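The shown structure was predicted, so the numbers you read here are calculated from the model rather than taken from an experiment. In what follows, every heavy atom counts, from backbone to side chain, and hydrogens, waters and symmetry copies are set aside.
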Amino acid sequence: MNISFETPEKVSGVLTISFVKEDYQGEVDKELKNYRKRANIPGFRVGQAPMSMIKRQFGTAVKGEIIERLLDEKLRNYISENKIKMLGSPLKSESQAEVNIVTDENFEFKFDIALAPDFQVELTADDTLPYYNITVDDELVGRQVEMFQSRAGHYDKADVYDPAQNDMLKGDLRELDENGNAKEDGIVVEAAVMMPEYIKVDEQKALFNDAKPGTVITFNPRKAYPENDAEIASLLKIDKEQAASLTSDFTYLVTEVQRFVKAEVNQELFDQIYGEGNVKDEADFRAKIAEGIKQQLAPQSDYKFLLDLQKYLDEKVGELEFPKNLLERIIKENSKEEVKNLDEVYDSSVKMLKWNLIENQLVEAHQIKIDDADVKNIAKNAARAQFAQYGMTNIPEEYIDSYAEKMLKDDKAIENLVERAIELKLIEAVKKVVKLDEKAISMDDFNAMMQEK
């Protein structure tokens, strides 16, 4: 067996593996003997069929399997042992000669290898990067207080419908015929809930002004929601096909006006959000909220720092040479569908590939390693963040653990969590090395800046 690797170009090479009969025949004979022991061929007891028959029936297939297995093993070992910095997977060389597994005894396999460009990246205290600290001001805390009040709020009965209050109506719907009378066998919906403020047409919306219990309103659902069959179907409890052809007027007998009332900022709200007795007064409540917001915003600051780091290092490293033809072949082979915009896909892939190469160097330079505990912590933090989006800040730890465990059973989720764990450790390592140009910024300005990017 002979293996050689030639690099006619800096970013590509050709790896050649040659086999002679002696390299694989011993493994083939051994496997055929195992086949003979298990073979159940009519006319012979199990394991007693002539070897000549076994060779005729299975010889070619076994020969192919053994050569393929040896080829894969030698290929992977050579690349690993020689520390070849390969991009993607080896490609069957375009100069590969035709192979006949039946008649050939000696084989030569050639692979085109895409090589990573050679470069070095380093960060020191001479490198300066911006770091945006999002200010947790009274306005931001106030927004969070209002959100908690809304989520803990309730509906009370009101005397008169007020569109400014976004009131909700409850009442009975009845379909009318062309003469304005109740339609025989027409659509009837009892206790139908409506929020007139969401009606699309002002003329129809105005019909509900000053409605009170006992008021009868005649309106037309098709005119009220002219391009929304789903809304009509939901209101009238019918399917979308029936809603699409509906043009009838309806009466709506208001039975109840309900007005949303935000929860008061008191001990009951404190206990509901943070657990009983953990917050004593409003000042403590706002301080607790500010602390929580600060923790929630830290990942956003870190993410912005990561984006700035990527841009900074991309410019610092400069242009890199990549084997375009080979990478385009890899893109095509890895795609399940025809690649229509190859240039666009290539540019995007190279941009991502360049950052991965830079990131790998930094990870190695800072000796960053992650373990199962790191990945589990990332999963738990992701779980807490999802609950926090719904104002649920007092979730028992066992629920967080359970949610995280479910995430860790998903291979794709694990891949993302591992990458996130690496990024977080890299961010912390880089922040300790470079000079940080710290900038205070409001949440609104930060969001505007991120939208621009």
Side-chain angles (χ1 to χ4, degrees), residues 1-39 51-119 320-339 342 345-346 349-350 352-354 356-357 360 415:
M1 181 183 299
N2 182 52
I3 304 178
S4 64
F5 185 52
E6 300 176 352
T7 54
E9 298 180 15
K10 290 190 299 181
V11 290
S12 66
V14 178
L15 195 153
T16 304
I17 303 179
S18 302
F19 291 101
V20 296
K21 186 174 182 179
E22 289 76 11
D23 293 326
Y24 61 83
Q25 191 60 48
E27 288 293 319
V28 172
D29 292 340
K30 180 180 177 181
E31 189 63 23
L32 287 173
K33 288 179 182 178
N34 290 332
Y35 266 71
R36 182 171 184 254
K37 292 177 183 178
R38 303 189 301 269
M51 180 56 76
S52 58
M53 182 178 291
I54 298 296
K55 286 182 179 180
R56 283 198 305 272
Q57 191 165 347
F58 304 107
T60 299
V62 170
K63 179 182 175 183
E65 289 173 4
I66 295 299
I67 290 175
E68 184 176 352
R69 188 172 71 206
L70 287 174
L71 181 63
D72 181 65
E73 177 186 317
K74 299 302 179 183
L75 182 63
R76 285 187 290 104
N77 288 346
Y78 186 88
I79 290 171
S80 175
E81 290 168 3
N82 289 274
K83 295 181 172 56
I84 296 176
K85 296 179 179 179
M86 180 177 63
L87 303 176
S89 302
L91 297 169
K92 180 181 176 181
S93 179
E94 293 178 329
S95 63
Q96 170 72 54
E98 194 67 32
V99 172
N100 189 323
I101 201 69
V102 177
T103 59
D104 292 349
E105 291 189 343
N106 300 329
F107 300 91
E108 183 178 82
F109 299 95
K110 291 186 176 183
F111 297 91
D112 292 330
I113 306 293
L115 299 176
D118 188 24
F119 70 98
L320 295 177
E321 182 182 359
F322 287 94
K324 184 175 182 180
N325 290 336
L326 289 184
L327 290 182
E328 287 181 342
R329 284 172 58 192
I330 291 173
I331 290 170
K332 290 179 181 178
E333 291 196 9
N334 289 341
S335 178
K336 296 180 181 178
E337 301 177 355
E338 180 183 357
V339 181
L342 184 57
V345 175
Y346 172 80
S349 298
V350 165
M352 185 182 302
L353 188 56
K354 181 180 177 181
N356 287 340
L357 293 172
N360 289 341
E415 184 179 331

Chemist: Write down the atom of Lys63, the atom of Val28, and the distance for their closest heavy-atom approach.
Modeler: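 Shortest heavy-atom separation between Lys63 and Val28 comes out as CA-CG2, 3.9 Å.
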Chemist: Assess Lys324 against Tyr346: is NZ or CZ under 6.0 Å from the centre of the six-membered ring, and within 45 degrees of the ring's axis?
Modeler: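 Ring-cation test returns yes.
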Chemist: Apply side chain to side chain contact (heavy atoms under 4.5 Å, CB included) to residues Leu326 and Leu115 and explain how you reach the verdict.
Modeler: CA-CA 9 Å; Leu326 289 184; Leu115 299 176; over 6 Å; no
Chemist: Answer yes when Arg329 and Asp112 have at least one side-chain N-carboxylate O distance shorter than 4.0 Å, and no when they do not.
Modeler: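 Yes, this pair counts.
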Chemist: Mind checking whether Glu22 and Met1 have side chains closer than 4.5 Å, heavy atoms only?
Modeler: no
Chemist: Looking at Ile113, Ile330, Val11, which hits side-chain contact (heavy atoms from CB on, under 4.5 Å) with Pro323?
Modeler: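 It is Val11, the one option of Ile113, Ile330, Val11 that forms the side-chain contact (heavy atoms from CB on, under 4.5 Å) with Pro323.
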Chemist: Given side chains that start at C-beta, do those of Ser12 and Glu9 come closer than 4.5 Å, heavy atoms only?
Modeler: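 Yes, side chains in contact.
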Chemist: When the ring planes of Tyr35 and Phe58 are compared, do they come out parallel, tilted or perpendicular, using 30° and 60° as the limits?
Modeler: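 Answer is tilted, since the angle falls between 30° and 60°.
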Chemist: Looking at side-chain heavy atoms only, is the closest gap between Leu32 and Asn34 below 4.5 Å?
Modeler: no
Chemist: Does a salt bridge link Arg76 with Asp72, judged by any charged N lying under 4.0 Å from a carboxylate O?
Modeler: yes
Chemist: Just wondering, more than 12 heavy atoms not from Glu68 lying within 6.0 Å of its CD?
Modeler: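 Incorrect, the count does not exceed 12.
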Chemist: Flag the pair Phe109 / Leu75 as yes when at least one side-chain heavy-atom distance between them is below 4.5 Å, and no otherwise.
Modeler: no
Chemist: Report yes or no: does Gln96 contribute a side-chain atom to a donor-acceptor pair with the main-chain N or O of Lys110 at less than 3.5 Å?
Modeler: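 Side chain of Gln96 to backbone of Lys110, a donor-acceptor pair under 3.5 Å: yes, one is there.
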Chemist: Considering non-hydrogen atoms only, spot the tightest contact between Glu328 and Leu342 and give its length.
Modeler: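 In terms of heavy atoms, the two residues are closest at CD-CD2, 3.9 Å.
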Chemist: Might you work through the side chain to side chain contact (heavy atoms under 4.5 Å, CB included) test for Phe111 and Val14, ending with a clear yes or no?
Modeler: CA-CA 6 Å; Phe111 297 91; Val14 178; over 6 Å; no
Chemist: Any chance you could measure Lys37, atom NZ, to Lys33, atom NZ, to the nearest 0.5 Å?
Modeler: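 Lys37 NZ to Lys33 NZ: 8.5 Å, rounded to 0.5 Å.
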Chemist: Under 3.5 Å, is there a donor-acceptor pair between the side chain of Asp104 and the main chain of Phe107?
Modeler: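 Such a contact is absent between Asp104 side chain and Phe107 backbone.
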Chemist: To the nearest 0.5 angstrom, please state how far the CE atom of Met86 sits from the CG atom of Leu15.
Modeler: 9.5 Å
Chemist: Going from CG on Leu357 to CG on Leu87, what distance comes out if it is rounded to the nearest 0.5 angstrom?
Modeler: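 Atom-to-atom, Leu357:CG and Leu87:CG are 6.0 Å apart.
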Chemist: First locate atom CZ of Phe322, then atom CG of Leu353, and finally report the distance between them rounded to the nearest 0.5 Å.
Modeler: 4.5 Å
Chemist: Are the side chains of Val20 and Asn2 in contact, using a 4.5 Å heavy-atom criterion?
Modeler: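 No, too far: nothing below the 4.5 Å cut-off.
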Chemist: Using only atom types and a distance under 3.5 Å, with no angle test, would you say the side chain of Asp23 pairs donor to acceptor with the backbone of Phe19?
Modeler: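 No, because the side chain of Asp23 does not come within donor-acceptor range (under 3.5 Å) of the backbone of Phe19.
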Chemist: How close do Ile331 and Ser349 get, counting heavy atoms only, and between which atoms?
Modeler: CD1-OG, 3.9 Å
Chemist: Could you tell me whether the side chain of Glu333 reaches within less than 4.5 Å of the side chain of Leu91, counting heavy atoms only?
Modeler: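 Counting from C-beta outward, Leu91 and Glu333 do come under 4.5 Å.
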Chemist: Apply side chain to side chain contact (heavy atoms under 4.5 Å, CB included) to Ile17 and Glu108, showing your working.
Modeler: CA-CA 6 Å; Ile17 303 179; Glu108 183 178 82; over 6 Å; no
Chemist: Check whether any side-chain heavy atom of Lys332 lies under 4.5 Å from a side-chain heavy atom of Glu338, and answer yes or no.
Modeler: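 No, side chains not in contact.
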Chemist: Any heavy-atom pair between the side chains of Ile3 and Thr16 that's under 4.5 Å?
Modeler: no
Chemist: As an exercise, state the distance from CG of Leu71 to OH of Tyr24, rounded to the nearest 0.5 Å.
Modeler: 13.0 Å
Chemist: Where do Lys21 and Asn106 come nearest, in terms of heavy atoms and distance?
Modeler: N-OD1, 3.4 Å
Chemist: Quick one: pull up CG in Asp118 and NZ in Lys85 and give me the separation to the nearest 0.5 Å.
Modeler: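 Those atoms lie 6.0 Å apart.
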